[in-house]
Amino acid sequence: MFSLLSTATMLGAFTALFAIVFQAYLASNELVRLTIILQHLRDLEVEFLVRGPRVAIGYGSCSDLHVRATDFLEYNENIGLALNASEYSFDDIENEEEFLLNFAYYFQRGAAAERFTANREMFLSLVQRAKKSATIVHHWALGGNAPVIGTRMAIEGANVLLGAKMSSKLKTHLRPEVRLTGSLIDDDDIHLILEYNTGDSWGDLVSPRANRYILHNDHHNPYLTSLEEFNSALVGFAPDLFVVSGLQMMDNYVYPDGVREQLLDRVHQQMQAQSRTKTLVHFEMASFVELELLQLLLRKVIPYSDSIGMNEQELDNLQQVLETGRISLVADCNPRLAHSLDQARAVFRKLNEEQPAKLSTSTDDALRRPLSRIHLHTLAYQAFIVTKDSRWMHTKNAAAKASLTAHRHVCASTIVNPDAAYLQMDESFAVSTKPGAKRVHFNNHDPVSCWEESIPLEGSRSITVDICVAPVLICKHAKQTVGAGDNISGAGLVLQI
């Protein structure tokens, strides 16, 4: 009996030791693999130098107040009961209960969200709570799509003209290479940034991935207050790239009759004023929940853009609006690549087909810009669709740079450490969900996969495009997710103009 127990103990110990050694072997192999992938992504990133392109970016800015969501928000059982009773997602947050329910709706799905509240008293109370608490760690940062994209592009060597107004205090956070066109103001709009990590728990809810929820009560940004001064500064600047961003600040804001459409008319005119032969136009999507605003953008902004940048939530929303006329409140936070590529193709096709009744007024048809670039940024990959032989350059290199920028920003580090990263992409992937779709095998030594294909349009027309997909070395311990999309978009654009 003793002998049998001794043998069983030895076998158990040997099995445990073997498992430990085998896991270490697998971890070592994965680290070597990630190191190889990283080196080849870096090679692509530095293959071409940025030669000081001129970039004009609007609109607006804010001061971001960052807190850890699960430290800041108190969970109670009523939230769980209300979530079980309803899947409703509030658009305009009217009180703190709606705020908590809306946060919970997106938190449990790991989906990014940005919401407006007209309740200024509640909003300022939340801001004061974050600032004054002795137990909640907080920090301030420069915010707003335009300043963040502009800062990233300036870091990468671009000459940036920024359409924004900000306080003298906030301006100290702006890089000196970025030329601010708007006058100084006394009080900045504040965005409350609620960050959370993969696996964070809040009551019974667990987040499937790192992301953020943003609440704001802006009063400068919805009126695009920097627009006129920006317009004056544009005279003679002759940008290589004109970036439109920050329009989600108009979402669910209550304007006097006709004011929002007038403001978008001014944006529309500013876009049309850019040289069609010298200036490329990029529109940065965001979290929109108001159908009327998206329909205005589909008439006044998107048809006059050469390029659109978006994440998986925004892509799903845009596709749904184009195809069904309905808003998509939330989508899969970790979509399969084949599904995302199908969605991006559908959007690319829809926006390039002749639909003047839906997308523009007849008098403006001649000034429309055919969409020639889509950049989709997700947790696991960067995907680009670019019209072949268009003015967009170095797509493969831009995909690599966007991928590395994603890791650096989320990990809050200038160094990409393979030991602090993991891959979520498979060894091979299908290029579409359609039956019989070809598969692309992942090559560690050539990690950005590119291929050419034809996207059919109405009738017998088609567009030949280059599609490039880069894996993201995902940050294991996210430090910041807000601003990731803006940094990624800016890094991807700077190599393509």
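All values below come from the heavy atoms of this structure, side chains included, with hydrogens, waters and symmetry mates left out.
Between the side chain of Ser462 and the backbone N or O of Ile455 there is no donor-acceptor pair closer than 3.5 Å. The backbone N or O of Ala130 sits less than 3.5 Å from a side-chain atom of His138, completing a donor-acceptor pair. In this structure, the side chain of Asp188 does not engage the main chain of Cys62 through any donor-acceptor pair within 3.5 Å. Looking at Arg369, its side chain never comes within 3.5 Å of a backbone N or O of Ser305 through a donor-acceptor pair.
Applying the side-chain hydrogen bond (donor to acceptor under 3.5 Å, both in side chains) test to Asn221 and every residue at least two apart in sequence or in another chain returns Asp189, Asp218. With sequence neighbours left out, the ring pair (Phe, Tyr, Trp, His ring centres under 6.0 Å) criterion links His441 to no other residue. Take His40 and apply the ring pair (Phe, Tyr, Trp, His ring centres under 6.0 Å) test, not counting sequence neighbours, and it matches His445. For Ser201, there are no side-chain hydrogen bond (donor to acceptor under 3.5 Å, both in side chains) partners at least two apart in sequence or on another chain. With sequence neighbours left out, Asp342 forms a salt bridge (charged side-chain N to carboxylate O under 4.0 Å, His left out) with Arg345. Residues forming a ring pair (Phe, Tyr, Trp, His ring centres under 6.0 Å) with Tyr381 (at least two apart in sequence, or on another chain): none. Considering only residues two or more places apart in sequence or on other chains, His216 meets the side-chain hydrogen bond (donor to acceptor under 3.5 Å, both in side chains) condition with none of them.
Taking both residues in full, the closest heavy atoms of Arg175 and Thr151 are given as CD-CG2, 3.6 Å, listed atom of the first, atom of the second, then distance. Annotation for Ala383 and Val469: closest pair CB-CG2, 4.3 Å, computed over non-hydrogen atoms. Shortest non-hydrogen contact noted between Ala380 and Met425 is O-CG, 3.8 Å. Closest non-hydrogen pair, Ala430 versus Ala338, comes out as O-CB, 3.4 Å.
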Scan the side chains in residues 484-497 for donor-acceptor partners under 3.5 Å anywhere in the protein, sequence neighbours excluded, and list what turns up.
from	atom 1	to	atom 2	distance (Å)
Asp486	OD1	Asn145	ND2	3.0
Asp486	OD2	Asn145	ND2	3.3
Asn487	OD1	Arg152	NE	2.9
Asn487	OD1	Arg152	NH2	3.3
Asn487	ND2	His409	ND1	3.3
Asn487	ND2	Gly483	O	2.9
Ser489	OG	Glu284	OE1	3.0
Ser489	OG	Glu284	OE2	2.9
Ser489	OG	Gly485	O	3.2
Gln496	OE1	Arg373	NE	2.8
Gln496	OE1	Arg373	NH2	3.2
Gln496	NE2	Met393	O	3.0
Gln496	NE2	Thr395	OG1	3.1

Please list, one pair per line, the donor and acceptor atoms closer than 3.5 Å that link side chains of residues 398-408 to other protein atoms, with sequence neighbours excluded.
from	atom 1	to	atom 2	distance (Å)
Lys401	NZ	Glu45	OE2	3.3
Lys401	NZ	Glu156	OE1	3.0
Ser403	OG	Pro471	O	2.5
Thr405	OG1	Lys401	O	2.7
His407	ND1	Leu473	O	2.6
Arg408	NH1	Glu45	OE2	2.7
Arg408	NH2	Glu45	OE1	3.1

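Residue pairs meeting the salt bridge (Lys or Arg N to Asp or Glu O under 4.0 Å) criterion with at least one member in residues 54-73, sequence neighbours excluded: Arg68-Asp200. Applying the ring-ring contact (aromatic ring centres under 6.0 Å, His included) rule to pairs touching residues 42-64 yields Phe48-His394, Tyr59-Phe230, sequence neighbours excluded. The list of disulfide bond (SG atoms under 2.5 Å apart) pairs with a residue in residues 375-446, not counting sequence neighbours, reads Cys411-Cys475.
Checked against the 6.0 Å centroid criterion, the rings of His268 and Tyr304 qualify as a close aromatic pair. Here the two rings, on Trp202 and Phe103, have centers that are under 6.0 Å apart.
Of the N and O atoms on the side chains of Gln39 and Asp43, at least one donor lies less than 3.5 Å from an acceptor on the other residue. A donor and an acceptor atom, one from each side chain of Arg115 and Tyr106, are located under 3.5 Å apart. Between the side chains of Ser372 and Arg391, not a single donor N or O lies within less than 3.5 Å of an accepting N or O. Counting only N and O atoms by type, the side chains of Arg212 and Thr481 include no donor and acceptor under 3.5 Å apart.
Inter-residue side-chain proximity for Lys300 and Val267 is flagged as unmet; no heavy-atom pair is nearer than 4.5 Å. When side chains are defined from C-beta on, Leu161 counts as touching Leu234, because their heavy atoms get closer than 4.5 Å. The side-chain heavy atoms of Leu162 and Arg179, taken from C-beta on, include no pair separated by under 4.5 Å. Taking the side chain as every heavy atom from C-beta outward, Gln313 and Ser287 never approach each other to under 4.5 Å.
A salt bridge links Glu452 to Lys388: at least one charged side-chain nitrogen sits closer than 4.0 Å to a carboxylate oxygen. A salt bridge is absent between Arg349 and Glu323: the closest approach of a Lys/Arg side-chain nitrogen to an acidic carboxylate oxygen does not fall below 4.0 angstrom.
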Worked verdict on Gln382 versus His375 for side-chain hydrogen bond (donor to acceptor under 3.5 Å, both in side chains): CA-CA 7 Å; Gln382 305 290 318; His375 176 190; 2.8 Å; yes
Steps toward side chain to side chain contact (heavy atoms under 4.5 Å, CB included) verdict (Phe116, Asp251): CA-CA 7 Å; Phe116 170 76; Asp251 206 49; over 6 Å; no
Side chain to side chain contact (heavy atoms under 4.5 Å, CB included) between Leu247 and Leu293, intermediate numbers included: CA-CA 9 Å; Leu247 299 186; Leu293 177 56; 5.9 Å; no
Residues Leu194, Leu215; criterion side chain to side chain contact (heavy atoms under 4.5 Å, CB included); working and verdict: CA-CA 8 Å; Leu194 304 168; Leu215 186 69; 5.7 Å; no
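Here the CG-OG1 distance, from Asp240 to Thr279, works out to 7.0 Å after rounding to the nearest 0.5 Å. The distance from the OG atom of Ser61 to the NE2 atom of His191 is 9.0 Å, given to the nearest 0.5 Å. Between Phe107 atom CZ and Asn211 atom CG the span is 11.0 Å, to the nearest 0.5 Å.
The number of heavy atoms from other shown groups lying within 6.0 Å of NZ (Lys171) does not exceed 12. Residue-environment remark: CZ (Arg42) exceeds the threshold of 12 foreign heavy atoms within 6.0 Å.
When each of Ile474, Ile37, Val472 is checked for a side-chain contact (heavy atoms from CB on, under 4.5 Å) with Leu423, only Ile37 meets the rule.
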